[in-house]
Amino acid sequence: GAVVSQHPSWVICKSGTSVKIECRSLDFQATTMFWYRQFPKQSLMLMATSNEGSKATYEQGVEKDKFLINHASLTLSTLTVTSAHPEDSSFYICSARSTASSYEQYFGPGTRLTVT
Amino acid sequence: QKEVEQNSGPLSVPEGAIASLNCTYSDRGSQSFFWYRQYSGKSPELIMSIYSNGDKEDGRFTAQLNKASQYVSLLIRDSQPSDSATYLCAVKVRGNTPLVFGKGTRLSVIA
């Protein structure tokens with residue numbers, strides 16, 4: 001159990017375009033989902049926390065107008081990187097927290113974004 | 001200030017030995033503690049959770065928690081080369097807040 005999927009697993013886009021990443025909890029309901037970014041050989045960096053049906057809470061330094069997060073249901077959250085630039089190239093990972101477990105967080109497999 | 005600290009390593013152990021990974025945290029109000037394994041280029045995978053003082057065993061893994069010392073550890077018995085990865089310690093302080101992650105300890109198991 002506790003499977004989280006992400007789509008796409010990798011994407012290449014041109015500078016200035018937008019990219020949408022989907023995160024789904026497949027076998028549990030997640031009231032809270034988290035979006036992380038990780039650059040090579042660096043630590044996980046929390047970008048934002050999203051609760052189903054409400055606005056996401058962004059960490060300091062993360063532009064909310066650039067990284068649009070929607071958490072429309074208990075099993076789906078999306079991250080849209082708008083007007084992507086090469087410096088946005090990174091590994092984006094979502095994580096979902098089960099409402100039934102003791103706050104265990106399960107990670108999706110990640111999406112590798114390359115902006116050319 | 002909420003902080004989770006781990007030795008970055010690398011920690012090298014021979015195959016078959018016990019690997020001991022340590023983590024300290026600063027917030028005494030922390031309630032839940034987790035260990036994740038992250039292989040290079042992959043996302044973290046939850047391997048252990050522990051909520052009360054003492055030991056918790058799952059297969060070759062044992063998590064140990066000492067809230068008085070604000071210390072949590074992970075022991076890996078009979079280490080295998082496939083255990084070579086970065087191990088992340090994560091702490092939930094209170095409520096529905098995000099986990100606070102340490103920077104991770106890189107473990108290398110030498111065959």
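Only this structure's heavy atoms are used, side chains among them; waters, hydrogens and symmetry mates stay out. Computed from a predicted model, the values in this text were never measured in an experiment. Within every chain, numbering begins at 1; the chains are lettered A, B, ... in the order of the sequence lines, protein sequences first and strands thereafter.
Counting only heavy atoms from C-beta outward, the side chains of B:L46 and A:Q105 never approach each other to under 4.5 Å.
For the set B:G102, B:P98, B:A90, B:G104, the entry with the most heavy-atom pairs within less than 4.5 Å of chain A is B:P98. Residue with the most contacts toward chain B among A:G110, A:P40, A:P109, A:S95: A:P109 (heavy-atom pairs, distance under 4.5 Å).
Heavy-atom distances place no part of A:Q6 under 4.5 Å from chain B, backbone and side chain included. In this structure, the portion of B:K42 lying under 4.5 Å from any heavy atom of chain A is its backbone and not its side chain. For a residue to count as touching a neighbouring chain, one of its non-hydrogen atoms must lie under 4.5 Å from one of that chain's; by this rule B:E45 does not touch chain A. Residue contact with chain A, scored on non-hydrogen atoms closer than 4.5 Å, is absent for B:S40.
Between B:Y36 and A:F107, the ring centre distance stays below 6.0 Å.
The main-chain N or O of A:F67 is found under 3.5 Å from a side-chain atom of A:Y58 such that the two form a donor-acceptor pair. For A:K55 (side chain) and A:S50 (main-chain N/O), no donor-acceptor pair under 3.5 Å exists by modelled atom type.
B:R60 pairs in a side chain to side chain contact (heavy atoms under 4.5 Å, CB included) with only one of the listed residues (B:L75, B:D78, B:I18), which is B:D78.
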